[in-house]
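See structure below.
In this chain, residues are counted from 1 in sequence order.
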Amino acid sequence: MASATASEFKNESDLVFSDISSEAWREYHFESGAKVRIDSPQRLNVSDSGGHRIFDSQGLSHYVPKGWIHLIWETKPGLPNFVR
């Protein structure tokens, strides 16, 4: 599957998305022990309720609800560790 480009990100909502393409991956850990890993995240919106909407490089859209207890990510070499 080809990687999605920034021009392929179509946001027709009123939501504001931040560029998090410096991350190689991010992983959410839940109290139950469940984990959600997203490779090559590109855009992030954090809702007022705490949920995360993420667009990845494969063109997939993810929603991770509030309730995770730990979020970990790895940045791509030479890029910022924190952007949002």
Side-chain angles (χ1 to χ4, degrees):
M1 179 180 263
S3 293
T5 64
S7 65
E8 292 173 312
F9 177 67
K10 306 231 182 300
N11 179 20
E12 295 185 8
S13 70
D14 293 335
L15 301 174
V16 176
F17 285 80
S18 299
D19 182 346
I20 58 168
S21 61
S22 64
E23 296 179 10
W25 54 266
R26 62 172 35 213
E27 188 171 271
Y28 295 83
H29 295 220
F30 292 83
E31 194 168 337
S32 67
K35 296 178 185 177
V36 174
R37 182 182 174 112
I38 299 171
D39 292 317
S40 299
Q42 301 296 300
R43 303 284 185 271
L44 167 69
N45 167 267
V46 179
S47 69
D48 291 340
S49 66
H52 285 196
R53 289 176 178 84
I54 302 159
F55 177 77
D56 72 17
S57 69
Q58 299 301 312
L60 298 175
S61 300
H62 306 264
Y63 181 76
V64 180
K66 179 181 174 183
W68 36 273
I69 59 168
H70 183 214
L71 169 60
I72 183 172
W73 63 89
E74 178 181 8
T75 55
K76 295 174 185 173
L79 294 178
N81 296 98
F82 293 93
V83 295
R84 167 106 168 94

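With hydrogens and angles disregarded, no donor-acceptor distance shorter than 3.5 Å links the side chain of Glu12 to the backbone of Lys10. A donor-acceptor pair under 3.5 Å is absent between the side-chain atoms of Lys76 and the main chain of Trp25, judged by distance alone. Formation of a donor-acceptor pair under 3.5 Å by the Trp73 side chain with backbone atoms of Asn81 is found in this model.
For the 3.5 Å distance criterion, the side chains of Asp56 and His62 qualify, holding a donor opposite an acceptor.
Of all heavy-atom pairs spanning Gly50 and Trp68, the tightest one is O-NE1, 4.5 Å. When all heavy atoms of Ile54 and Arg26 are compared, the pair lying nearest together is CD1-CD, 3.8 Å. Among all heavy-atom pairs drawn from Arg53 and Ser47, the shortest one is NH1-CB, 3.5 Å. When all heavy atoms are compared, the tightest approach of Ser22 to Pro80 is OG-O, 3.4 Å.
Annotation: the span from Glu27 atom CD to Glu74 atom CD amounts to 11.5 Å, rounded to 0.5 Å. Ser40 contributes atom OG, which lies 10.5 Å from atom CD1 of Ile20 (distance to the nearest 0.5 angstrom). Expressed to the nearest 0.5 Å, how far CZ of Arg43 lies from CG of Leu15 amounts to 14.5 Å. Taking CD1 of Ile38 as the start and CZ of Phe55 as the end, the distance is 12.0 Å to the nearest 0.5 Å.
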Original post:
Does the ring pair (Phe, Tyr, Trp, His ring centres under 6.0 Å) test come out yes or no for His52 and Tyr28, once each step is laid out?
Top reply: CA-CA 10 Å; His52 285 196; Tyr28 295 83; 5.4 Å; yes
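With sequence neighbours left out, Asp14 forms a side-chain hydrogen bond (donor to acceptor under 3.5 Å, both in side chains) with no residue at all.
Residue Ile72 is tested with His29, Lys35, Arg37 for a side-chain contact (heavy atoms from CB on, under 4.5 Å); the sole match is His29.
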